Structures are given as structure tokens and as C-alpha cells.
Participant: 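Handing you this structure, nothing more for now.
Both counts, for ligands and for their atoms, begin at 1 and track the order of listing. In this text, all values refer to a predicted model and were calculated from it rather than measured experimentally. Counting begins at 1 with the first residue of the sequence.
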Amino acid sequence: MNIFVMMKRTFDTEEKLSIQNGKIVDTDAEYIINPYDEYAIEEAVQLRDVHGGQVTVLTVGDEEAEKELRTALAMGCDQAVLINDEELEDGDQMTTASLIAAYLQDKEFDLVLGGNVAIDGGSGQVGPRVAELLGIVQVTAITELCIENGKAEIVRDVEGDEERLKLDLPLLATAQQGLNEPRYPSLPGIMKAKKKPLYTLDWDELDIDENELETKTETIEVFAKPDKQAGKMLEGELQTQVKELLSLLTSEAKVIS
Ligand SMILES: Cc1cc2nc3c(=O)[nH]c(=O)nc-3n(C[C@H](O)[C@H](O)[C@H](O)COP(=O)(O)OP(=O)(O)OC[C@H]3O[C@@H](n4cnc5c(N)ncnc54)[C@H](O)[C@@H]3O)c2cc1C
């Protein structure tokens, strides 16, 4: 099986981040593989081990992402591709998806796997957009994937319930928590990863026009959520409390008028 895994390098959301001039300042933050993409990598490696073939991990980002690509190689991917977007101005989900689709359009594959959502940007758009651009079937939030006789048997999470599907390949699927238990890279895995191929290409080496990469969204404002206020205890007679509550809901919280 030929499998591509879309991997995003994200900052660890446990990190302390600040916002300056409408941008997230993440210079001192620790970076990780987007956790949902770890499920995608693990699934790809397990499928390759059963069915043979190769797993390519793919990211759009700058050269700093090589570290996370090497981690994915240490988890068992066979090769890595970095599409360097440093020379591009502001991009959004459509930019990323267009770059990935432009890379994949002339490749042969059975499966494209990715995360259900990135824990930083969090739009959950890249996977479905890539599938649309490539004109292939997409399934989001999968929790089981079994390949038999060239067909994919999939279970997907639908708000706590599950949906079972049987689909032809090729297809794109995004991983939900619970799909598997991602491995930690082993020491031999880390040693092997150093020798595995990691290809870098600049975005303009792809067969895509810069106009097609223009953002489709505009960020109006980026702000941190306000600090949580201490709760207010109402005291006294029940009738007095009700009156005060009504007044607070009207004048302070402004949830009734
Ligand atoms: C040229 C360029 C400039 C950008 N500039 C900015 C900026 O100034 N500010 C800013 O906040 N963001 C910027 N971005 C990032 C962009 O807005 C989104 O963060 C990105 O497109 C992913 O969207 P998301 O985080 O909502 O991912 P989601 O759609 O939630 O991610 C779902 C899945 O898609 C895949 N995926 C997502 N991103 C990538 C990736 N980069 N490579 C491979 N697979 C991926 C992963 O499998 C992931 O689990 C830029 C992107 C590009 C290409």
C-alpha cells in the first residue's frame, strides 16, 4: 500500500503563549507533532507492516518542521517530504490544502491520512479540502480502519455514536482519538530515522499558480479569552436574591432585557 500522511507541526497547547499585535507569539514554545496526526502516522505504519508498501509523511511548513518529520520517521514512516512555504505570504487552510493537493496530484496512492483537527488552528478543514481538490472520497473522524480485498472498512465517530462504512480505495481519512495507541519512537527507530530520506521542495516547484494560494479567509482579530471572574454569591431573603439576580442578568451579564 502506498500511504501519505499529512502532518502538522503545532505548538504544545500546554505552553504559555502570548498575543502581540494580533499575532500569537510562540517563539519560546515547545513544538510537537499535532496529536491527531500521531494517530494517522501510527495507523499508516501498522497498515504498511501488514500489507507492505511505503509510508510518506508530508508537511507544509518551514525547515524547523524537519525535527517533527524526523520524529515521524522514527515512528516508522519510510520517507518524509517538506513543502517549504517560507517564501509565501500569509496563508490559510485553503493555501495549505492547495499545496498538499498540488504535491499529491501526480502521485499514486491508496490512502491519504491526516488528523481530524489541528490543536492550534483547529479548523479541521485541511483534510476535507485536500480530498475535494483531488476529487477523492473523504471520511473524517475515523476510529477504526481495516483494509481487505482492496476495500476500506471504516468506523467513524459521529458525536459519540458510530457510523460503519465500506469504501473503495483510494480515499482520504482523518484520524480521531481512539484510532490506535501511537508508539513512542524507540532508540533504534531514532537511529534509523537519521538515514531515512527527507526531501525538501519549495512551494514554487509545484505545479500551482500563486493566485490559487490566495487566502479565502481574513482574520479580523486574535485575542486571548478574558480571565475568569470570581463567582458572585447572593445572600439574604429569597425574594431579594431573585430581584438581585434579575437585575444582574439584565444590567451586568446583559443576557435578558
Ligand atoms: C504560507 C502560509 C502562511 C501561513 N501564515 C499563517 C499566519 O500568519 N498565521 C497563522 O496563524 N497561520 C498561518 N498559516 C497556517 C494556516 O492558517 C493554518 O494553520 C493551516 O492551514 C492549517 O489549518 P488548521 O490549523 O485549522 O488545521 P486543521 O485543518 O484543523 O488540520 C487538520 C489536519 O490537516 C493536516 N494539516 C494541517 N496543516 C498542515 C500542514 N501545514 N502540513 C501538513 N498537514 C497539515 C493535518 O493532518 C491536521 O491534523 C499559514 C499557512 C501557510 C501555508
Side-chain angles (χ1 to χ4, degrees), residues 3-13 17-27 29 31-44 55-69 71-72 77 80-104 111-134 138-142 172-177 179 182 199-204 206 208 210-224:
I3 309 173
F4 284 88
V5 183
M6 304 177 293
M7 187 275 290
K8 186 178 184 188
R9 173 182 192 257
T10 59
F11 48 72
D12 190 340
T13 45
L17 301 163
S18 60
I19 293 170
Q20 277 172 26
N21 303 324
K23 292 224 165 194
I24 296 172
V25 182
D26 55 7
T27 34
Y31 273 82
I32 55 170
I33 293 177
N34 180 44
Y36 291 94
D37 303 354
E38 290 185 342
Y39 298 117
I41 292 167
E42 178 63 39
E43 199 65 18
V55 177
T56 306
V57 57
L58 165 68
T59 201
V60 175
D62 59 27
E63 60 184 23
E64 308 245 357
E66 284 183 14
K67 179 175 151 271
E68 286 69 33
L69 287 173
T71 305
C77 296
V81 175
L82 167 65
I83 301 171
N84 195 315
D85 66 359
E86 270 173 288
E87 298 297 318
L88 274 174
E89 295 263 308
D90 286 353
D92 64 3
Q93 298 79 9
M94 194 62 196
T95 320
T96 305
S98 302
L99 290 167
I100 295 174
Y103 174 79
L104 290 174
L111 270 177
V112 180
L113 297 178
N116 186 33
V117 70
I119 57 164
D120 54 357
S123 67
Q125 286 197 26
V126 171
R129 283 183 184 276
V130 169
E132 278 298 311
L133 290 166
L134 292 173
Q138 50 164 302
V139 191
T140 54
I142 68 163
L172 181 148
T174 66
Q176 173 66 299
Q177 190 174 6
L179 178 61
Y199 305 102
T200 300
L201 65 155
D202 287 327
W203 75 268
D204 53 8
L206 297 168
I208 192 162
E210 195 162 358
N211 296 334
E212 294 173 57
L213 298 172
E214 252 175 46
T215 57
K216 302 282 183 288
T217 51
E218 185 189 354
T219 304
I220 310 290
E221 197 183 351
V222 177
F223 55 91

Participant: Identify the closest protein heavy atom to atom 32 (C) of ligand 1: which residue and atom is it, and at what distance?
Facilitator: Gly115 O, 3.6 Å

Participant: Would a 4.0 Å cut-off, counted as strictly less than, catch a protein heavy atom around atom 10 (C) of ligand 1?
Facilitator: no

Participant: Hey, does Val126 come in under 3.5 Å of ligand 1, counting only N/O atoms on both sides?
Facilitator: yes

Participant: Could you name the option among Met94, Glu87, Gln125 that has the heavy atom nearest to atom 29 (O) of ligand 1?
Facilitator: Gln125

Participant: Please check if any side-chain donor atom of Thr215 sits under 3.5 Å from a side-chain acceptor atom of Asp90, or the reverse.
Facilitator: no

Participant: What residue and heavy atom of the protein are closest to atom 41 (N) of ligand 1, and at what distance?
Facilitator: Val60 O, 2.9 Å

Participant: Which one of Ile41, Asp90, Ile24 has a non-hydrogen atom at the shortest distance from atom 8 (O) of ligand 1?
Facilitator: Asp90

Participant: With respect to Lys8, determine whether any N or O atom, backbone or side chain, lies less than 3.5 Å from an N or O atom of ligand 1.
Facilitator: yes

Participant: Can you figure out which of Gly121, Ala118, Ala65, Gly22 has its heavy atom closest to atom 27 (O) of ligand 1?
Facilitator: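 Nearest heavy atom to atom 27 (O) of ligand 1 lies in Ala118.
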
Participant: Considering only the protein, which heavy-atom contact is closest to atom 23 (O) of ligand 1, and what is its distance?
Facilitator: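 The answer is Gln93 CG, 3.4 Å.
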
Participant: Examine ligand 1 and decide if any of its atoms is less than 4.0 Å from a heavy atom belonging to Glu89.
Facilitator: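 Yes, Glu89 has heavy atoms under 4.0 Å from ligand 1.
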
Participant: Among all protein heavy atoms, pick out the one at the shortest distance from atom 53 (C) of ligand 1; state its residue, atom name and that distance to 0.1 Å.
Facilitator: Asp85 OD2, 3.3 Å

Participant: Judged on heavy-atom distance to atom 17 (O) of ligand 1, which of Gly91, Gly127, Gly122 sits nearest?
Facilitator: Gly91

Participant: Would you say Gly124 touches ligand 1, if touching means a heavy atom closer than 4.0 Å?
Facilitator: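 Right, Gly124 reaches ligand 1.
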
Participant: Would you find more than 12 non-hydrogen atoms of other residues, nucleotides or ligands less than 6.0 Å from Glu86 atom CD?
Facilitator: yes

Participant: Can you sort out which atoms of ligand 1 are near Thr96, meaning under 4.0 Å from one of its heavy atoms?
Facilitator: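 Ligand 1 atoms under the 4.0 Å threshold to Thr96: 20 (C), 21 (O), 38 (N), 39 (C), 40 (C), 41 (N), 51 (C), 53 (C).
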
